[in-house]
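The block underneath contains the structure these notes are about, expressed in structure tokens.
Counting starts at 1 for both ligands and their atoms, in listed order.
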Amino acid sequence: MIPEYLISFNTSQLNKEKVDFLIIGGGLSGLYIAWELRNYDTLILYKDGLEETCSYNAQGGIAVALSKEDTPQLHKEDTLKVGCYLNDEKAVDILVNEGIERIKEIIDMGFNFDKENGDFHFTKEGGHSKKRILHSNGDAIGKSITGFFYKLVSNIPNIKILNNSFLIDLISVDDKIVGALILDGNKNEIFLIQAKGYILATGGAGMVFQETTNPSHITGDGIAVAYRKNVELIDLEFYQFHPTTFYIAGAPRFLISESVRGEGGILRNVYGDRFMYDYHPSGELAPRDIVSRAIIDQMKKTNSNCVYLDLTHLKKEFIKKRFPQIYNFCKTYGIEPSKNLIPVRPAAHYFMGGIKTDLWGRTNFSNLFACGECAWTGIHGANRLASNSLLECLVFGKRIGIKIKEENFKIYDVDVKYVFPKKADIWIDKEDLKRSIRSLMWRNVGIERDEEGLKYALSKLKEWQKYAFCKEFYDKSGFESLNMLIVASLITESALIRKETRGTHFRKDYPEIDDKNWKKHIIISKKGVEIK
Ligand SMILES: Cc1cc2nc3c(=O)[nH]c(=O)nc-3n(C[C@H](O)[C@H](O)[C@H](O)COP(=O)(O)OP(=O)(O)OC[C@H]3O[C@@H](n4cnc5c(N)ncnc54)[C@H](O)[C@@H]3O)c2cc1C
């Protein structure tokens with residue numbers, strides 16, 4: 001029912017542009033790979049611009065075992081424990097060891113992490129046994145590190161950056177990707193890019209859930225494009241919900257970073273009671289899935305729509321210096337964190353599953369790579385250890401750069417015509433479709449799941465697919481709504497298959513971890529489902 005491409009096209013009639021490498025997405029993974037490929041003609045696409053990436057909005061920092069009391073082995077153990085041992089150990093070894101090299105490299109390149117008394121200042125976040133999070137400009141690692149690489153790549157003549165351009169689909173012939181269909185939002189024109197290699201760096205899919213920390217452009221496009229091309233996707237049932245996002249009606253779900261709890265923030269329910277030690281011995285610094293579920297439980301028990309983060313025992317000057325973005329954001333909405341409690345509740349945050357890659361970022365197409373949040377490298381397992389994702393962008397971005405330079409890719413001639421099947425002249429309110437997907441997913445495929453809710457969600461999504469995929473859209477919002485429909489369906493299908501609770505995937509009807517039957521991955525592609 002899902003077509004191979006979202007639009008009809010004839011490549012012989014499209015304007016064409018040739019580059020060595022096309023990087024779709026300019027968050028940290030896209031920018032870093034571009035830097036690695038700086039000796040080639042490289043094009044980076046942004047759906048909108050830098051500020052709309054998750055990378056730019058990252059707050060807490062980057063996890064790296066660089067402090068005197070830490071070791072890569074401890075970092076590895078924490079990553080595996082939080083991931084409920086569904087991680088690929090080889091990938092985790094690469095992350096924790098090569099991560100140290102990458103961080104040292106960027107420090108040598110001139111990137112500044114925050115220091116205290118001349119030494120790097122490490123902070124702690126949930127699930128970490130040691131203080132190992134390096135941060136920058138207080139709570140602005142995202143702005144700092146993307147700004148750093150954006151500036152570097154902008155000054156390289158071979159690297160071109162195109163804002164406001166949308167990847168609609170990748171065109172394949174046999175086992176090669178031969179072109180990319182792009183909507184140029186500035187001219188409202190569809191054109192073709194031919195490259196030797198293609199890198200999907202399109203981020204996660206937070207927008208398929210009603211409550212999310214992700215910018216509004218993060219709609220899972222790269223994952224949906226990959227699915228249409230029969231690329232294997234894996235572990236899609238694992239979506240991390242961040243426990244503490246700012247919650248007052250009408251305000252954005254602004255993230256209140258975990259490092260706020262790392263620096264002493266206390267969670268209280270509506271009656272002012274501290275509750276996290278009733279759920280986990282690590283209290284506020286328990287893994288994110290446990291904190292999120294505890295908050296939901298407290299909201300239910302106290303019949304309220306949020307809980308509160310209490311920083312009132314911390315000094316105003318400390319909060320302002322350590323968390324300038326968070327402090328200023330709360331102030332905008334009349335909350336002074338050193339005096340007032342901050343209302344918070346969970347929201348969809350990070351996609352552990354994604355496009356299946358090997359340890360060099362390769363997919364099952366020889367010239368198609370995936371990196372960052374849209375990719376599955378195996379490092380996160382069933383739950384991501386806080387602040388491991390920016391490190392992943394650097395570590396696996398570097399590996400993709402190395403692999404691409406070793407290969408002898410070439411540009412292929414392309415002569416493909418495609419006619420979109422079953423055109424229908426029905427009117428579809430795209431924004432309503434998106435809203436409906438998001439609320440359905442939040443209610444039935446969110447923090448707590450069960451068979452009944454998942455089956456209901458899947459049946460609705462399939463029903464909506466029946467007519468939505470008869471409609472040939474020609475605009476970004478239309479393409480996004482169809483991509484969201486695909487990704488939401490695949491997450492739900494995977495969540496229905498996994499009959500156990502593991503990491504972020506909490507099944508009320510199967511509340512225990514089941515290593516005997518389920519220490520396995522669910523791989524989904526157009527060919528079907530494989531469990532192994
Ligand atoms: C609020 C927030 C705070 C976070 N804090 C931290 C933290 O402190 N530490 C940490 O390690 N991680 C953190 N994370 C997670 C981390 O930021 C992300 O996992 C990581 O930045 C993902 O990088 P990326 O390059 O894969 O994707 P992104 O940075 O999300 O970039 C995706 C890019 O793809 C482009 N794109 C998408 N679809 C298309 C399309 N169809 N056509 C063209 N372009 C497209 C977008 O425009 C964008 O440029 C945080 C996330 C959020 C949302």
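Heavy-atom proximity to L255, at under 4.0 Å, picks out these atoms of ligand 1: 1 (C), 2 (C), 3 (C). Interface of I24 with ligand 1, defined as ligand atoms under 4.0 Å from a residue heavy atom, comprises 42 (N), 43 (C), 44 (N). The atoms of ligand 1 that sit less than 4.0 Å from any heavy atom of N214 are 53 (C). Atom numbering of ligand 1 starts at 1 in the shown order; those under 4.0 Å from a heavy atom of D221 are 38 (N), 39 (C), 40 (C), 41 (N). Within ligand 1, the atoms closer than 4.0 Å to a non-hydrogen atom of Y350 are 19 (O), numbered from 1 in the order shown. Atoms of ligand 1 lying under 4.0 Å from any heavy atom of S29, numbered from 1 in the order shown and given with element: 24 (P), 25 (O), 26 (O). Ligand 1 places these atoms under 4.0 Å from at least one heavy atom of I218: 30 (O). Taking every non-hydrogen atom of S165 and a distance limit under 4.0 Å, the qualifying atoms of ligand 1 come out as 42 (N), 43 (C).
Atom 4 (C) of ligand 1 has its nearest heavy-atom neighbour, among A58, G204, G26, in A58. Taking only non-hydrogen atoms, the option from A201, G25, A224 nearest to atom 32 (C) of ligand 1 is A201. Selection from G203, A375, C374 by nearest heavy atom to atom 27 (O) of ligand 1 gives G203.
At a threshold of 4.5 Å between non-hydrogen side-chain atoms, the residues K143 and N137 do not count as touching. Contact annotation: the side chain of K196 never approaches that of Y40 to less than 4.5 Å [non-hydrogen atoms, C-beta and beyond]. Considering only heavy atoms from C-beta on, P343 comes within 4.5 Å of F246 through its side chain. With a 4.5 Å cut-off on side-chain heavy atoms, I256 and F323 do not count as touching. Between P337 and I326 the shortest side-chain heavy-atom distance does not fall below 4.5 Å. With contacts defined as side-chain heavy-atom distances shorter than 4.5 Å, the pair I404/F21 qualifies.
For E373 (side chain) and F351 (main-chain N/O), a donor-acceptor pair under 3.5 Å exists by modelled atom type.
Annotation: T213 places no N or O atom under 3.5 Å from an N or O atom of ligand 1; distance criterion only. At least one N/O-N/O distance between G60 and ligand 1 falls below 3.5 Å. Note: no N/O pair closer than 3.5 Å links H217 and ligand 1 by distance alone.
By the criterion of a heavy-atom distance under 4.0 Å, the side chain of H349, and not its backbone, is placed next to ligand 1. Only backbone heavy atoms of L28 (N, CA, C or O) come within less than 4.0 Å of ligand 1; its side chain stays farther off. Under 4.0 Å from ligand 1, not a single heavy atom of Y56 appears. With a heavy-atom cut-off of 4.0 Å, Q59 touches ligand 1 through its backbone alone. For I62, no heavy-atom contact with ligand 1 is shorter than 4.0 Å. The parts of L390 lying near ligand 1 are both backbone and side chain, judged by heavy-atom distances below 4.0 Å. For A386, no heavy-atom contact with ligand 1 is shorter than 4.0 Å.
Rounding to the nearest 0.5 angstrom, the gap separating the CZ atom in F120 from the CG atom in D114 is 10.0 Å. Note that the CD atom of E237 and the NE2 atom of H505 stand 6.0 Å from one another [nearest 0.5 Å].
Heavy atoms of R384 approach ligand 1 to within less than 4.0 angstrom. Contact analysis leaves G222 out of contact with ligand 1, as no non-hydrogen atom separation drops below 4.0 angstrom.
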request  = Show your reasoning for whether side-chain contact (heavy atoms from CB on, under 4.5 Å) applies to V64 and L134.
outcome  = CA-CA 7 Å; V64 64; L134 282 175; 3.6 Å; yes
request  = Apply side-chain contact (heavy atoms from CB on, under 4.5 Å) to the pair F111 and S144, showing each step before the final yes or no.
outcome  = CA-CA 8 Å; F111 183 75; S144 311; 3.8 Å; yes
ask   = Should E105 and R102 be marked as a salt bridge (charged side-chain N to carboxylate O under 4.0 Å, His left out) after you check the CA-CA gap, both sets of side-chain angles, and the distance that decides it?
value = CA-CA 5 Å; E105 243 166 47; R102 297 295 77 80; 2.8 Å; yes
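Two rings, from F238 and H380, have their centers 6.0 Å or more apart.
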